[in-house]
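These notes are about the structure you will find just below.
Letters A, B, ... are given to chains in the order of the sequence lines, protein chains preceding strands, and every chain is numbered from 1.
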Amino acid sequence: MESFQYDLPARPCVALPVRAELWGVVSSGNLEVLVETGPPPDQCRFQVETSAHGFSEVWQAVLEDFVTRHAVGGLSFSIHDAGATPAVVSLRLEQAMQSLKAP
Amino acid sequence: MEGKRTLFDRLFPGGHGVSCVGQVLRGWGATTRGRVHVIGTTDHAAIDARIALMLSQAVLDAVAQGPAGSPLPILFIADTQGQALSRHEEALGLNGYFAHLARCVQGARERGHHLVTLIDGEAVSGGFLAFGLLADAIVALPGAEVRVMDLRAMARITRISHDRLVALARTSPVFAPGADNYWRMGGIHAQWRPDQDWAALLEQQLYAAPADDARADLGAVRGGRLLAASLARQVCDAP
Amino acid sequence: MNRIPGKSYREATARQRVAGLLDADSFAEWVGPAARATSPHLAALGLPCSFDDGVVVGQGRVEEAVVTIIAQEGQFNGGAVGEVHGAKIRGALQRAVRERPTAVVFCIDSGGVRLHEANAGLLAISEIMRALLAVQGAGIPVWALVGGSCGAFGGMGIVARLCDAVVMSEEGRLGLSGPEVIETVMGVEEFDARDRALVWRVTGGKIRRTLGEATVLVEDRLSAFRAALESLRHSCPVALPRTLDALQAVQDQLTARATRESDLRDGQALWDRLGLGADAAWMDTAQFNRRLQELA
Amino acid sequence: MNATGPSRLWNHEARRRTARLTRCAAFLRGKEVAAADMVPFLEAVLEPGDRVCLEGNNQKQADFLAAALADCSAQRVHDLHLVQSVLALPEHMTLFEKGIARRLDFSFAGPQAHHLARLVQDRAIEIGAIHTYLELFGRYFIDLTPQVCLIAAQAADAAGNLYLGPNTEDTPAIVEATAFKSGIVIAQVNELRDALPRVDVPADWVDCFVVAPRPHHIEPLFTRDPAHITEIQVLMAMMAIKGIYAAYGVERLNHGIGYDTAAIELLLPTYGAELGLKGRVARHWALNPHPTLIPAIEAGFVERVHSFGSEVGMEAYVAARPDVFFTGPDGSLRSNRAFCQMAGLYACDLFIGSTLQMDLDGNSSTATLGRITGFGGAPNMGSDARGRRHASAAWLQAGREKCGGGPPVRGQKLVVQVVETWREPHHPTFVERLDAWQLQEDMGLALPPIMIHGDDVSHVVTEEGVANLLLCRTPEERSQAIRGVAGYTPVGRARDRRFVENLRDRGIIRRPEDLGIDVRQATRDLLAARTIKDLVRISDGLYQPPKQFRNW
C-alpha cells in the first residue's frame, strides 16, 4: 500500500458542516471515499491509501482538477483505493459531491 | 475408536458406555457426581448430512431423556476434518443440517444442560462450527489440530507467499493453524497437558456455573484478540 | 420495453441495500465509517482496508416498525468475516436483545471466513451464531436476505439457515462449501465450478425455494426484497420455537429429505420428480412460484 | 499460332487433382470417408508443399480435420502452406511444431497469439503476411488459392450436398476458390441427413465428406454479459450516441465486439429513445447476432442485420425475427463473412470499436509485446472505402468536415475508436509509441501490425470526451486533440492546456458537459438489460444463452 496526503487551496463549500458519507466500495478497480467536515474553509484535504504504486503524480493531477471544478473548501476526502482508474476516481468524487447533506 | 476408548478410560475411571456407529460417538460417562452424556465424532470424520442428523438426534435424545429439573451435562468430542465436500451434500443443503444441529445444541443449553467440548484429533472449520464450537467450554487435548485452512492452501488462495505467512504467523495468532493460537484468541478455554488428571479437570468443567459467551473478552485478556470484545461493546453502546 | 424496472438487489452495494430496504431516511448507523474501525490484520498484510470493514450495522424502520439491520458488502473481500466485521455483527445482535426491535434484518452476502484472519473469523462466526440464537431466544425473529453476488457460504451459510425466514432471489446462492472448493479438492467431475447453470441448479434460489429452505423467492429487485420484508412482519412476527417437539419435527423433516433425496446432485432432478417441467430453470420467478404453489 | 510444335498441356492442375483422387479412392464410399480413416486418407491426398486452407474462423472450427491433419506423419505430409483466416486451435500450432506445415498466411490468432509469437521467434514458422479478412479472401482468387481445403459444415446428404447451418463465415469464399481451381474440397459434417433444409454448397463442388465423431466446436465469441458493463462504459456510450450517432444521423453501421459497444447497443432503447433517435439512427447493421442487440431490436430501433457468422444461443431468436435477419427457407440464419465485410466496407457509414493502444497519430493496435493477434475484420470496417460513390447524410457530413467547408468531392466514413484512457493501472491506452513498432522489429515483419491507421480514424471517444479528428487541420491539432481526451495518462498530462481549450471552443473536443451530458447520470440503471437473464426475458425466452453465461 502507498499513502499520501494533499492539502489543496479550495473555494469554501456552502453546505458546511456535512454529514459523513461513504461512497463506493473497495474492490478490484474500485475505491471508497469518505467525505467529512475537516480542514479550514479555504482548504481541502485528501488522504489516499492505494494499492497501485507509483501514481502519486496522477492522483495529484486528478485531485487538483476536482478542486478546480468544485467548491470543496472545509471538506476532507479519505480514499481507500484498490486500483481504480482515474476515470473511476473522478466519477466517485462527483457522486460523493452530489450527495453532500447537512448533518 | 480404539484411541477414543483409551481416552474415555482416562476421562471416566468410574465407567463409561460409548458406542460408535459410522464415526458418531454416543453414550455416557460416569463422573463422581453422576452420569453425563457423551456425543461426538471420531476418526477425523468429514461431517455429512447423515452424521449431522445422528448428532442432532443424539442431542435431542439427551434433552428428552434427562430427569426433569436436573439436566445432565453433555460432553462433545470433536474430531472432524470439516464438512463433507460433495455436490450431493450441497444440493441437499448440508448447511441447513448444520444449522439444525446448532439449534439443537442451543435447545439443550436453554434447558440447562451444561456443554463442554474436548478436541481430540482435528477440529476444522465447518464441521467444528456446527456443534463443538458452540459449547460453554472448549478444551484442546494434546496434539489437537485446530484450523480453518493450512498455510499452503491459504497462500495459494490469498496469493500471499507462504514464507511471508509463516513469518507473520510467528507474531500473530490470527490466521495460522494451532490450538495455541485459538487459546490466545479465547476460542479455546483450556489446553490439558498429558501429565494432568483429566478426569478431575473434566469434572471441574462439566459442573462449572453456566456463563454467557465470553470468548471475545478472554481473547482480549490473553492478548490474542484485541478488538472483538471492545468493538461489539462499542456497537452495543453507540448513540 | 424500456428500462428494466427497479434497482437490482444483486448489483446494489450494502449501503444502497440498506437505504432501499428501510423507510426513507430512517437509518441510523452504529460505528459507521467515520469511526474508522478497519481491520489491522488486512493492513498487516499490506492489503486495502475498508472504513466499515465490509459491513453496515444500525437501526431503521420498515413501515414504521423498528428493525435492526446488518448488511454485508459482498464486493469487499467477498463479504468475508474477519475480527472487526464479525464483532460489529455480534454487537448489533447483542444490542437487539436489549432494545427488542420488531426483527433483525440480516443481509448476508459472504463466502464465510476471511482467510487473512481465519481464526478470528471462525470464532467471530461462532459468536455470531450464539448471539443470533440468543436474539431468537428473546422471541425476536431474524430474517435473512440472500441475493448478493457472494451468496451465503461457509459459516455464513449456516448462519443463514439459523434464521427464522430466508428471502432469496433466483440469483442468490446458499450453501456450505463453494463449488470452487469442491472442484479443487474432489475434482472437476464432482463439481464443475465453471458450469454456472449447474452451480445455480445446485445452490441457487430456485432449488433452495423448492426444498423449503428459502421462505420466499423474489425477483432480483431491491423493491421486491423490501416488499418481502413488509409481508414477513405478518407471516413471521416471532422467532421459531425451540421446543423439543419443534426441533424433533425439523429433525424428522430433514431425515425424510435426506432419505428421499439420497442421490440428489442437480436441482433439475428434483424439478423433474415434482413435475415442474424441463424448463424449471428457465421460468421467471413469478411463474416458478406459481407452479410450485400449484404442485404443493 | 504455333500449329506445328509439340502441343502444350493446359490441364496440369486437373491431372494433379485426378491423381490425388485416385490415390485416395480406396477410402471413399461414394463421397464419404470413415472418420477412422481420416489420417491415412489425408496422407494420401496431400503432397508436400501443398497450399491448404484448414477452415478456422472466429467461431466455427474444422476441429476434427485439424486434429487428423496434426496426426499425419511428418515424413509423408510436410512443408504445407496454410492459408486461413484464424488460428484458434492448439492443433494449428502442432502442425508447425511437427513440421507438417511451414508457412502461414492468415488474419487473426486470438487464442494462440502468444504461442504464435513464440513460434515466430523460434523460427519454427514463416509468416507470409497478416491480412484483413477481405484481403485474404481476395488473395484466394489471385495468388493464394488453396489446393486442398478442409472445411466444416452442419450436415451432408449422401450425394455430398452441404448444409452450413447458421455459421457460414468463410466457407463460401474458401470453397469457391478451391473447387474451381482444380482443388480438393474435404468437409467434416456433424450429421448425415436424407434431406437437407437447404443446399449451401452443391455436391459437385465437394469431393468428400466425413461425419465427425463430435459436432464441430463453435465459440460464443459475441456474447457480452451486460453484468460486466461499467459506469464508465455507460458514460462513453452516452457520448457516442449523442455526440456521434445523433450528430451525424448514422443509420448504417457496424460495431466491434466489446463491452464498450455492447453498452451502446443497450443504451439505444433507453437513452437513445429519450433523445428521440428511434428510426433516425442505427437502423441497418452489418453485425453478428449480438445478444446485446436484442433490446434495440425489440424496441424497433433495428430494422435489418446482416451477419458474418452466427452466435450460439441466438438460433431460435433469429428464426423468429426474419424481418430483421437474413434467413433461409428453413428459418436458420444465412451469414457470410465475405459479403458482410464488403457490406461493412462499402455500405456502412460508421464503424465503432475499441483498441488496446493508440498513439498521437491515432494509429491503433491490439498487438502488444509477445502476442501476434492479427486483425480480423476491424481494418476493413474501420477504413474509408475510397471506391465508394453513393451518398448518405452521415457520409456527406463527415466528408464536409474533413475537407473544411468547400463542396466535397467525396464523403467520409465515420471510424470511431472508443477507449478508456487507462485499461488498468500501469496500462495507459494512449502511448507515445505503439508496441507494434517493437513487435515489427522483434518479428521481422515488413510493416508494424497497426490495426486501424490514424488517417482512417474520424473520432476518439474516451471518458474525458469526444475528439473529432475530421476537423483537425494540422498534425499538431490532431495530436493535441488526442492528448485532450487522453485523461491523466502521461500522453494526456503532456497536453498544451490552452491549445486544448481552443480546440474545445472550436468543437473539436467536446466534454460531456459540452454535449449536455451529466456524468452522474451514467449509471448501469440506464442499460436496457443488466444481465443475461434480462436479455432472455426481453427476447421472450427465445434467446437461449450457453450455460457458462447463465446464473440460473
Please confirm whether the backbone N or O of [Y] pairs with a side-chain atom of [X], one donor and one acceptor, at under 3.5 Å?
X: C:Arg98; Y: B:Cys236; value: yes
X: C:Glu83; Y: B:Ala228; value: yes
X: B:Arg225; Y: C:Asn119; value: no

Contact part of [X] toward chain C, heavy-atom cut-off under 4.5 Å: side chain, backbone, both or neither?
X: B:Glu90; result: both
X: B:Ile157; result: side chain
X: B:Ile160; result: side chain
X: B:Arg233; result: neither
X: B:Ala214; result: neither
X: B:Asp213; result: both
X: B:Leu92; result: both
X: B:Met185; result: both
X: B:Ala176; result: backbone
X: B:Arg50; result: neither

For a 4.5 angstrom cut-off between non-hydrogen side-chain atoms, does C:Gln248 reach B:Gln57?
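Side chain of C:Gln248 against side chain of B:Gln57, heavy atoms only: contact under 4.5 Å found.
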
Any side-chain heavy-atom pair of B:Val235 and C:Ile89 under 4.5 Å
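Contact flag for B:Val235/C:Ile89 side chains = no.
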
Walk me through it: do C:Asp192 and B:Arg87 pass the test salt bridge (Lys or Arg N to Asp or Glu O under 4.0 Å)?
CA-CA 10 Å; C:Asp192 181 354; B:Arg87 175 135 70 88; over 6 Å; no

Relative to chain B, which segment of [X] carries a heavy atom at a distance below 4.5 Å: side chain, backbone, both, or neither?
X: C:Val185; value: side chain
X: C:Arg201; value: neither
X: C:Gln251; value: both
X: C:Leu244; value: both
X: C:Ala37; value: side chain

With respect to chain B, which residue among C:Asp266, C:Leu264, C:Leu162 yields the maximal number of heavy-atom pairs within a distance under 4.5 Å?
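Maximum pair count with chain B is reached by C:Leu264.
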
Does atom CZ (C:Arg273) have a neighbourhood of more than 12 heavy atoms from anything else shown, all under 6.0 Å?
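Yes, enclosed.
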
Taking atom CZ of C:Arg36 as the centre, report whether more than 12 heavy atoms of other residues, nucleotides or ligands fall under 6.0 Å from it.
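For C:Arg36, atom CZ is crowded (more than 12 foreign heavy atoms under 6.0 Å).
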
